[in-house]
Peer 1: 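Before I ask anything, here is the structure I am working with.
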Amino acid sequence: MIRIQTKDFDAGAEIKNLVSGKGNIGGVCSFIGLVRDFSASEQSGEKITAMTLEHYPAMTEKQLEKIETQAQERWGSIETLIIHRVGRLEPTAQIVLVAVAAAHRDVAFEAARFIMDILKTEAPFWKKEEGPTTSKWVEAKASDIAKAGLWEKK
Amino acid sequence: MIRIQTKDFDAGAEIKNLVSGKGNIGGVCSFIGLVRDFSASEQSGEKITAMTLEHYPAMTEKQLEKIETQAQERWGSIETLIIHRVGRLEPTAQIVLVAVAAAHRDVAFEAARFIMDILKTEAPFWKKEEGPTTSKWVEAKASDIAKAGLWEKK
Amino acid sequence: MKILYFAWLKEKTSLAEEDLSLPCGVSTVAGLMEYLKNRGGGFADAFADSTLVRVAVNMEHVQTSHPLNNADEVAFFPPVTGG
Amino acid sequence: MKILYFAWLKEKTSLAEEDLSLPCGVSTVAGLMEYLKNRGGGFADAFADSTLVRVAVNMEHVQTSHPLNNADEVAFFPPVTGG
């Protein structure tokens, strides 16, 4: 299940909804990404006051659905949820929720990490950070590209 | 932070509380364990109607604190939360919540998985499953012992 | 052909979206990028270093060698930074 | 010495907890297990196969070779199954 929205989400309620009525679920691994109060660019580490998330709506949906399908093909019977916010967010705000429910915990942990890693390099979102004086587009991290690449070899 | 309780928990509220006011947190990985409606013993796979969790209170606290300390020593600056329920629980009920907040997602994922793996073999909880006709104590899984062992070698 | 620009490509070109007939002699993404760069001004700036630009055709990530036709939706953007 | 029994050890011994002076000649967990087994009845049953029993002394997991003294809190239980 995929949702792109400007409003915040309640991770606990979303997870309960994901597993509701499914007695074969042994565990749910989830990841929540949050806005930090310092810049993602490792050179600067400057304070940021807000972040704006832009996206390419139709492609975002297509890419996230593809990621869910890949995870389901890879790990079989899992329930997946991806919620991603767009718009202007302040430090400590929730940006993204990825949750995977499965019969066993290993699958839940691995599939959730897979979805996050691939989302980071395939889903068309862009972050612009606002500092006290300037604002600038966040640059993609080489380490994120490397992490996504690791899943190809397995 | 550690809590042992009979009542249910709200994972979303617990996670928000864990990161509240901390602008250096980039992500939270959490795992929720749930009561399945079939037996954990792989031979039988029988339906279960409820599960009762017993524990050794003082030792549980001591062991969970030790696990949190080990995770903090291993991954440095992380915030951790472990909530474990005891008593009688029905299928689809939440049993355990482990959440790790960190600056970066890899640390959050790894430390949460570490805590779950070690909790499974070190924390003194015991599950008794009730089926339609009989009830029996869940046997420990060799695979859980193997997973915990893997962390020693790293 | 529909062309979309995102993030700093949208800012530099001052354009979110435009309709364009496949220009004469252009048959790949690389050719289109060269054509757009030659418009000068903000476009020259946006496409000055093509290694910084990522491309999707019909909402799939592609290489610049990807062929184009008039029914395609082409999007230009920087490497993605969601999550 | 305080002794605690959990899960099926509590059921088989019909005892959650007892106070016991370290029996004469017993200096390790293994010795105590042998002593308890020799009580017969539910205790003989509970300790029939010592490989199924786990032990904590003062709330730390220990091997059966662990030494004991009268101030210890000793707990017997099956392998843990929480989480």
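In what follows, every heavy atom counts, from backbone to side chain, and hydrogens, waters and symmetry copies are set aside. Here is the naming used below: chain letters follow the sequence lines, and residue numbers restart at 1 for every chain.
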Peer 1: Name the member of B:G27, B:G26, B:A112 that forms the most heavy-atom pairs with chain A at distances under 4.5 Å.
Peer 2: B:G26
Peer 1: Cut-off 3.5 Å, side chains only: do A:E129 and A:S39 have a donor facing an acceptor?
Peer 2: yes
Peer 1: For A:S30, which atoms come within 4.5 Å of any heavy atom of chain B: side chain, backbone, both, or neither?
Peer 2: both
Peer 1: With a 4.5 angstrom heavy-atom cut-off, which part of A:D10 approaches chain B: side chain, backbone, both or neither?
Peer 2: side chain
Peer 1: Give the intermediate values and the outcome of ring-ring contact (aromatic ring centres under 6.0 Å, His included) for residues B:F109 and A:F109.
Peer 2: CA-CA 8 Å; B:F109 270 107; A:F109 270 107; 7.2 Å; no
Peer 1: B:K120 versus chain A, heavy atoms under 4.5 Å apart: side chain, backbone, both or neither?
Peer 2: side chain
Peer 1: For A:K16, is it the side chain, the backbone, both, or neither that has a heavy atom closer than 4.5 Å to a heavy atom of chain B?
Peer 2: side chain
Peer 1: Please determine whether a side-chain nitrogen of the Lys or Arg among A:K22 and B:D37 lies less than 4.0 Å from a carboxylate oxygen of the Asp or Glu.
Peer 2: no
Peer 1: Tell me which of these, A:I15, A:V96, A:D117, has more heavy-atom pairs under 4.5 Å with chain B than the rest.
Peer 2: A:D117
Peer 1: Check whether A:E14 gets within reach of chain B through its side chain, its backbone, both or neither, counting any heavy atom under 4.5 Å.
Peer 2: neither
Peer 1: Is a side-chain N or O of A:R3 found less than 3.5 angstrom from the main chain of A:I82, in a donor-acceptor match?
Peer 2: no
Peer 1: Main chain of B:F9, side chain of B:Q94: is a donor-acceptor contact present, judged purely on distance under 3.5 Å?
Peer 2: yes
Peer 1: For A:F125 and A:H84, take the angle between the two ring planes, folded into 0 to 90°, and tell me which bin it lands in: parallel under 30, tilted 30 to 60, perpendicular over 60.
Peer 2: parallel
Peer 1: Among A:V35, A:D144, A:L97, A:I95, who wins on heavy-atom pairs under 4.5 Å with chain B?
Peer 2: A:D144
Peer 1: Taking side chain as everything from C-beta outward and backbone as N, CA, C, O, which of these in A:I32 sits under 4.5 Å from a heavy atom of chain B? Side chain, backbone, both or neither.
Peer 2: both
Peer 1: Counting only heavy atoms closer than 4.5 Å, note whether A:A103 contacts chain B via side chain, backbone, both or neither.
Peer 2: both
Peer 1: Pick one of side chain, backbone, both or neither for A:V28, based on which atoms fall under 4.5 Å of a heavy atom in chain B.
Peer 2: both
Peer 1: Might you work through the salt bridge (charged side-chain N to carboxylate O under 4.0 Å, His left out) test for A:E110 and B:R113, ending with a clear yes or no?
Peer 2: CA-CA 10 Å; A:E110 279 167 39; B:R113 198 164 179 176; 2.9 Å; yes
Peer 1: Counting N and O atoms only, with roles assigned by atom type, does the side chain of A:R105 sit under 3.5 Å from a partner on the main chain of B:G33, one being a donor and the other an acceptor?
Peer 2: no
Peer 1: Among B:S20, B:G12, B:G21, B:A99, which residue forms the greatest number of heavy-atom pairs with chain A at distances under 4.5 Å?
Peer 2: B:G12
